[in-house]
Amino acid sequence: MTNSSLNIPTDKLPRHVAMIMDGNGRWALSRGLPRLAGHKAGTENLRRVIRATVEFGVKYLTIYAFSTENWGRPPEEVKGLMYILEDVIDRELAELNKEGVQLRHIGRLERLAPTLQEKVLDAIDLTKNNDRLILNVAFNYGGRDEIVNAIQNIMKDGIPPEDVTDELVSRYLYTAGVPDPDLIIRTSGELRISNFLIWQAAYSEWYVTPTYWPDFDKEEYRRALETFAARDRRYGKVSSKEYEASNA
Ligand code: IPE
Ligand code: IPE
Ligand code: MG
């Protein structure tokens, strides 16, 4: 069976796609615009990418919107990014809800303004029964922070050391219950993980493109999914074809 708008078999479709939405600043710079104009354009693009994700039939989408390191940016930029999150919730929530998108947050809410925290929590609550697409928004998210938080909670719960397993750690992460990302897309060409899903990405496939985030369109998204479908995920073993051949 193939997905209606994609030329790949359904069983080759990633269940979970994660995106490092990078390059907004350079997109703006290349047009002589302020960085915040790049973030606005990036937000417009995010709306298109979410629609495409629903259309392609991908079930989980995680987007990296603000890292624990992004606090180190100039205060006006940080303020602008906070405002954008608030504005997106105000303007897009009803539509996302109608489309069956379930919003979740990964990271720490504590450092955000109380009104913004409330908006995020309300959005999560409003959409909690939707199941067409699970959209994890990584905002004030850091992979190391997530692991530190997990260790603290494991210790607080008094879990004996011998009970600490791979599965248990996964259950203590912000992404508990979400399958690991099959495919991670990074726009704007940097070859690094930038503290994103460092535990969950153990066996993710990568698609890195020089395209700046605001220009990452549905056609390139489709190409990323097709590239993924052609990959041989070996997980440290040998490919099933080779295995069969060597045992014939
Ligand atoms: C990604 O774009 C958005 C955030 C990190 C919030 P950047 O702002 O990092 O854009 P570049 O990398 O400077 O071009
Ligand atoms: C990663 O991009 C964070 C987000 C996309 C939110 P950065 O632009 O912050 O990453 P570095 O600084 O290039 O590693
Ligand atoms: Mg960047």
Side-chain angles (χ1 to χ4, degrees), residues 16-50 52-53 60-89 91-92 103-113 116-117 119-120 135-149 173-175 178 181 183-201 204-217 220-221 224:
H16 181 180
V17 176
M19 298 193 179
I20 302 179
M21 311 186 289
D22 197 13
N24 292 346
R26 278 163 285 171
W27 181 92
L29 192 71
S30 72
R31 284 167 171 72
L33 297 169
R35 290 180 60 85
L36 272 174
H39 295 313
K40 289 228 173 70
T43 307
E44 287 303 307
N45 193 47
L46 174 60
R47 181 200 315 195
R48 296 189 286 268
V49 166
I50 294 170
T53 305
Y60 296 86
L61 176 65
T62 299
I63 50 162
Y64 204 7
F66 192 89
S67 74
T68 46
E69 287 69 38
N70 289 150
W71 292 105
R73 295 189 177 201
E76 316 78 64
E77 183 167 348
V78 171
K79 225 186 274 166
L81 289 165
M82 296 293 150
Y83 172 74
I84 285 175
L85 175 64
E86 194 160 345
D87 193 47
V88 167
I89 297 175
R91 290 201 292 163
E92 303 291 331
L103 273 167
R104 293 189 191 173
H105 168 257
I106 59 170
R108 284 191 200 254
L109 277 185
E110 298 97 273
R111 206 171 156 183
L112 311 192
L116 184 50
Q117 293 185 33
K119 268 191 189 163
V120 173
L135 176 62
N136 288 307
V137 180
F139 200 96
N140 192 18
Y141 171 87
R144 288 191 172 186
D145 168 69
E146 181 179 40
I147 292 170
V148 167
N149 181 64
L173 298 177
Y174 299 135
T175 52
V178 173
L183 172 66
I184 301 178
I185 296 174
R186 182 163 191 156
T187 56
S188 94
E190 307 307 344
L191 297 174
R192 54 177 171 260
I193 198 162
S194 301
N195 205 10
F196 188 46
L197 303 178
I198 53 180
W199 170 279
Q200 299 88 336
S204 302
E205 296 292 327
W206 284 81
Y207 178 90
V208 177
T209 171
T211 306
Y212 295 144
W213 173 254
D215 293 330
F216 181 80
D217 62 9
E220 187 162 16
Y221 192 0

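In listed order, ligands and their atoms are each counted from 1.
For F196, no heavy-atom contact with ligand 2 is shorter than 4.0 Å. Using a 4.0 Å cut-off between heavy atoms, M21 contacts ligand 1 through its backbone alone, with no side-chain atom that close. Contact annotation: for A65 versus ligand 1, heavy atoms closer than 4.0 Å belong to the backbone alone. Contacts of R73 with ligand 1, taken as heavy-atom pairs under 4.0 Å, involve the side chain alone. Counting heavy atoms under 4.0 Å from ligand 1, residue L29 does not touch it at all.
Heavy-atom contacts of N70 reach the following atoms of ligand 1: 5 (C) (cutoff under 4.0 Å). Which parts of ligand 2 touch F66 is read off a 4.0 Å heavy-atom cut-off, strictly below it: atoms 6 (C).
Of all heavy-atom pairs spanning T175 and E146, the tightest one is N-OE2, 3.6 Å. The two residues G38 and P214 come nearest to each other via the heavy atoms O-CG, 3.9 Å. Shortest non-hydrogen contact noted between F196 and I20 is CD2-CG1, 3.4 Å.
Taking only nitrogen or oxygen atoms, main chain and side chain alike, S188 does not reach within less than 3.5 Å of ligand 1. The shortest N/O to N/O separation between G25 and ligand 1 falls below 3.5 Å.
Counted by atom type alone, Y64 and S194 present zero donor-acceptor pairs between their side chains at under 3.5 Å. Using modelled atom types and a 3.5 Å distance limit, the side chains of Y141 and N136 yield no donor-acceptor pair. In the model, H16 has no side-chain atom that pairs as donor or acceptor with a side-chain atom of Q200 under 3.5 Å.
The Mg ion (ligand 3) lies under 2.8 Å from an N, O or S atom belonging to D22.
Using a distance-only test at 3.5 Å, with no hydrogens or angles considered, no donor-acceptor pair links the side chain of D87 to the main chain of I84.
Of all protein heavy atoms, the one closest to atom 12 (O) of ligand 2 is R192 NH2, 4.5 Å. If you check which protein heavy atom lies closest to atom 14 (O) of ligand 2, you get S194 OG, 2.6 Å.
Within 6.0 Å of CZ on R144 lie no more than 12 heavy atoms contributed by other residues, nucleotides or ligands.
Note on ligand 2: R26 sits outside its first shell, no heavy atom being nearer than 4.0 Å.
With W71 as the aromatic partner, R111 meets the cation-pi criteria of under 6.0 angstrom to the ring centre and within 45 degrees of the ring axis.
Considering each of R186, M19, E69, E190, the one bringing a non-hydrogen atom nearest atom 10 (O) of ligand 2 is R186.
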